[in-house]
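Here the structure is laid out as structure tokens; the discussion comes afterwards.
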Protein chains: 2
Amino acid sequence: MHPALKEYLSGKLDLSLQDEQLVSRCFKSKFAARNEIMVAKGAVARHLYFVVKGCLRVFLTGEDGSESTRFLVVEGRFGTAFPSFILRQPSAAAIQSLESSELLTLSYEDRQTLYEQVPGWETMDRIGLELDYIASIQRIESFITMDAKMRYEILQQTNPDLIRRLPAKIIADYLGISQETLSRLKAKR
Amino acid sequence: MHPALKEYLSGKLDLSLQDEQLVSRCFKSKFAARNEIMVAKGAVARHLYFVVKGCLRVFLTGEDGSESTRFLVVEGRFGTAFPSFILRQPSAAAIQSLESSELLTLSYEDRQTLYEQVPGWETMDRIGLELDYIASIQRIESFITMDAKMRYEILQQTNPDLIRRLPAKIIADYLGISQETLSRLKAKR
DNA sequence: TTGATTTGTTGACTTTTATCAATTTTTTTA
DNA sequence: TAAAAAAATTGATAAAAGTCAACAAATCAA
């Protein structure tokens, strides 16, 4: 098993040797170039992606070519175009590798296999889902209760690495504000 | 078992007679008066609520007394102050019954019991969680990509009942806009 | 049913943020 | 490393939404 995945699982789940081998077989290694589109808008997202190294962006495109970042997925985290993956429908969002990335992919079918075959896998996954859901609830709250400056400050506190690492325009998209507004926000203090 | 819960479960899960009795014992009936606060801000949300009749609101309060509606939970749906319930921490949000409501409550511990004792319960719950998560992702997208008018139009299309049923100020909170802006939006067409 | 309270509407004005455009800075790649 | 491309900054202006205030309408509770 890939050490990064092993690290992810440690403390969450104890696997028998056999189960560990099954998990290993289900996750396929994949490398993506910087800016590579993994899943295009309109395609079905058939995999979950575990980021070993690099960074993925799940983003929407408007008719006018504008882009809005729905999610950013960094090292040690899972991500995909979730509605498409779960509902098995064409995705409103595209998935892009923002950096040269190393990924482990898990297909919908293999995920099902793990639920059925590996004791504790579904519980672990359910707990991970709960935490992702909580994060998205908190993001919704930030839009309902905060202005752009406050959202940026919170992001600075909770994810300073993201800000350091990614182009400001991506951060601006993620915060739901324009590039120019973010630039002014940063200048102001 | 309460017929509303039975209806919810039908098609999702086949229960043995024994399991059905266990489920029945885990869910406690509760009635709430209009405007009753079920969980105050700062308290831990110890239950999931299934709404048989009525409507719950999960909302945040600012220091200035302003309120922001995080979620609305109507008949046939589950809800709670989710981060508090899962993390077992004091809740940032309060839960209020907007109408005279009939509820079924499931404690954290009883939820655990159902996961452990009832085959298929965790899978059913995981799938429900996935759908709730998808809904919250779509709500995030609406904040990132749409203006107030568009968000309101989408809500009209997807939940016309909510608009008909609830005071406009609650809908405005839920959309993340001021009461006045919503009033003007409605007048404009 | 009526007085009191809450909710909704509208106007005037302010603040926040977006948009467009020009320029500088940084990054990429040939 | 140099030219090209992409990203960031800054200014001017416009649009969107918020705030405050007054009043109207609807709802509630005695």
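Numbers restart at 1 for each chain; the letters A, B, ... are given by sequence-line order, proteins then strands. Given the structure is predicted, the values throughout are model-derived calculations rather than measurements.
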Only one of A:Leu175, A:Ile170, A:Ile171 clears side-chain contact (heavy atoms from CB on, under 4.5 Å) with A:Thr69; which?
-> A:Ile170

Comparing A:Arg34 and B:Leu166 on DNA chain C - which has the more 5′ nearest nucleotide | B:Leu166

Ignoring the backbone of A:Ala168, work out which of C:dT9, D:dA8, C:dT7 is nearest its side chain.
-> D:dA8

When you look at B:Arg77 and B:Asp132, which way does the side-chain contact (heavy atoms from CB on, under 4.5 Å) test go after all the steps?
-> CA-CA 10 Å; B:Arg77 311 266 320 164; B:Asp132 286 345; 3.0 Å; yes

Intermediate values then yes/no, ring pair (Phe, Tyr, Trp, His ring centres under 6.0 Å), A:Phe78 and A:Tyr8 = CA-CA 10 Å; A:Phe78 279 92; A:Tyr8 176 87; 5.1 Å; yes

Between D:dT9 atom C1' and A:Lys169 atom NZ, what is the distance in whole Å?
-> 14 Å

To the nearest Å, how far apart are B:Met150 CE and D:dA15 C1'?
-> 17 Å

Would you check if the side chain of B:Ser97 reaches a backbone N or O of B:Glu99 as a donor-acceptor pair within less than 3.5 Å?
-> yes

A correct 5'-to-3' footprint of nucleotides 17-22 of chain C, with B, S and - meaning base, sugar-phosphate only and no protein heavy atom under 4.0 Å, is SSBBB-

Compute both the distance and the angle, then confirm whether B:Arg139 meets the cation-pi test with A:Phe143: under 6.0 Å from the six-membered ring centre, within 45 degrees of the axis.
-> no

So do B:Leu106 and B:Phe50 actually touch side chain to side chain, heavy atoms under 4.5 Å?
-> no

Atom CZ of B:Phe143 and atom P of D:dA17 are separated, to the nearest Å, by 12 Å

Report the distance from atom CZ of B:Arg165 to atom C1' of D:dT27, rounded to the nearest whole Å.
-> 17 Å

Rounding to a whole Å, what distance do you find between A:Leu98:CG and D:dA7:P?
-> 10 Å

Rounded off to whole Å, could you give me the CD-to-C1' distance for the B:Glu67 and C:dT6 pair?
-> 13 Å

Please state how far atom CD1 in A:Ile170 lies from atom C1' in D:dA7, giving the value in whole angstrom units.
-> 11 Å

Between atom CG in B:Asp173 and atom P in D:dG18, what is the gap in whole Å?
-> 11 Å

